[in-house]
Amino acid sequence: SQQGEEDPQALSIQEGENATMNCSYKTSINNLQWYRQNSGRGLVHLILIRSNEREKHSGRLRVTLDTSKKSSSLLITASRAADTASYFCATARGSNYKLTFGKGTLLTVNP
Amino acid sequence: DVKVTQSSRYLVKRTGEKVFLECVQDMDHENMFWYRQDPGLGLRLIYFSYDVKMKEKGDIPEGYSVSREKKERFSLILESASTNQTSMYLCACRWGNSPLHFGNGTRLTVT
């Protein structure tokens with residue numbers, strides 16, 4: 001079964017609004033990463049949060065991690081039409097930091 | 001920036017054919033990965049390699065093999081293509097335990 005599960009599966013918002021996506025996982029992790037995928041392209045790394053961190057920021061992105069609840073959230077503030085993409089969380093586990101991806105959230109930002 | 005190049009964006013093959021998917025990276029990263037991506041299933045790891053001539057099975061290796069003769073090149077081989085191997089194939093690399101760098105994918109259709 002998938003280690004990471006994103007919620008919701010799809011999200012549609014207006015430009016300028018904030019978008020929040022959640023990720024839940026099952027076992028202990030070394031770190032959690034968020035990736036973005038534009039339609040028909042490869043994934044691009046957005047942000048990494050280590051298991052001993054609770055919050056991290058990068059530009060308009062804010063990631064939180066709650067290891068007690070085994071969950072993470074990705075917040076995109078002041079969204080733009082160009083943010084339209086699929087967003088995946090990936091958990092790194094074990095000595096070789098094996099990455100397991102969730103199924104993704106499809107975000108649509110309407111202009 | 002790391003560049004990961006997959007030799008074909010689109011490929012159409014017949015059932016039973018031997019198929020080679022090629023991936024080249026330009027940053028001397030020791031770790032390389034092959035994933036497949038299917039709707040509703042997310043990304044699943046097929047094989048990975050942590051050095052030249054070294055390989056390990058991922059979560060779904062059946063029906064696939066890999067080759068890594070040079071550090072920059074990681075090939076995925078479908079010995080006898082089947083229709084259930086129709087999918088998007090993504091190659092990725094990383095240095096140590098850093099985040100993954102992905103290619104743009106090869107969309108393979110087996111008829």
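Lettering follows sequence order; numbering is per chain, from 1.
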Scored by heavy-atom pairs under 4.5 Å with chain A, the best of B:R107, B:H101, B:R9 is B:R9
How many angstroms lie between [atom1] in [X] and [atom2] in [Y], if you round to the nearest 0.5 Å?
{"X": "A:L99", "Y": "B:L45", "atom1": "CG", "atom2": "CG", "value": "9.0 Å"}
{"X": "A:K103", "Y": "B:Q37", "atom1": "NZ", "atom2": "CD", "value": "13.0 Å"}
{"X": "A:N30", "Y": "B:N97", "atom1": "CG", "atom2": "CG", "value": "7.5 Å"}

Do [X] and [Y] share a hydrophobic cluster (ILVMFWY, side-chain heavy atoms under 4.5 Å, transitive)?
{"X": "B:L108", "Y": "B:M88", "answer": "no"}
{"X": "B:I46", "Y": "A:Y97", "answer": "no"}
{"X": "B:W34", "Y": "B:L78", "answer": "yes"}
{"X": "B:L21", "Y": "B:V24", "answer": "no"}
{"X": "B:F102", "Y": "B:L76", "answer": "no"}

Interface moiety of B:F33 toward chain A, non-hydrogen atoms closer than 4.5 Å: neither
Residue part contacting chain A, namely of B:L100, when any heavy atom lies under 4.5 Å: both
Atom CD of A:E17 with >12 non-hydrogen neighbours under 6.0 angstrom: yes
A quick test of your reading: do over 12 heavy atoms of other residues, nucleotides or ligands sit less than 6.0 Å from CZ of A:R60? yes
Of the backbone (N, CA, C, O) and the side chain (C-beta and beyond), which part of A:Q37 lies under 4.5 Å from a heavy atom of chain B, both, or neither? side chain
Side chain, backbone, both or neither of A:L48 within contact of chain B (heavy atoms, under 4.5 Å): side chain
Heavy-atom distance under 4.5 Å between the side chains of A:Y35 and B:P99, does that happen here? yes
Check whether any side-chain heavy atom of B:L43 sits under 4.5 Å from a side-chain heavy atom of A:F88, and report yes or no. yes
Checked A:Q33, A:R41, A:H45, A:K98 vs chain B; the most non-hydrogen pairs under 4.5 Å come from A:R41
Is there a donor-acceptor contact under 3.5 Å from the side chain of B:Y35 to the main chain of A:F101? no
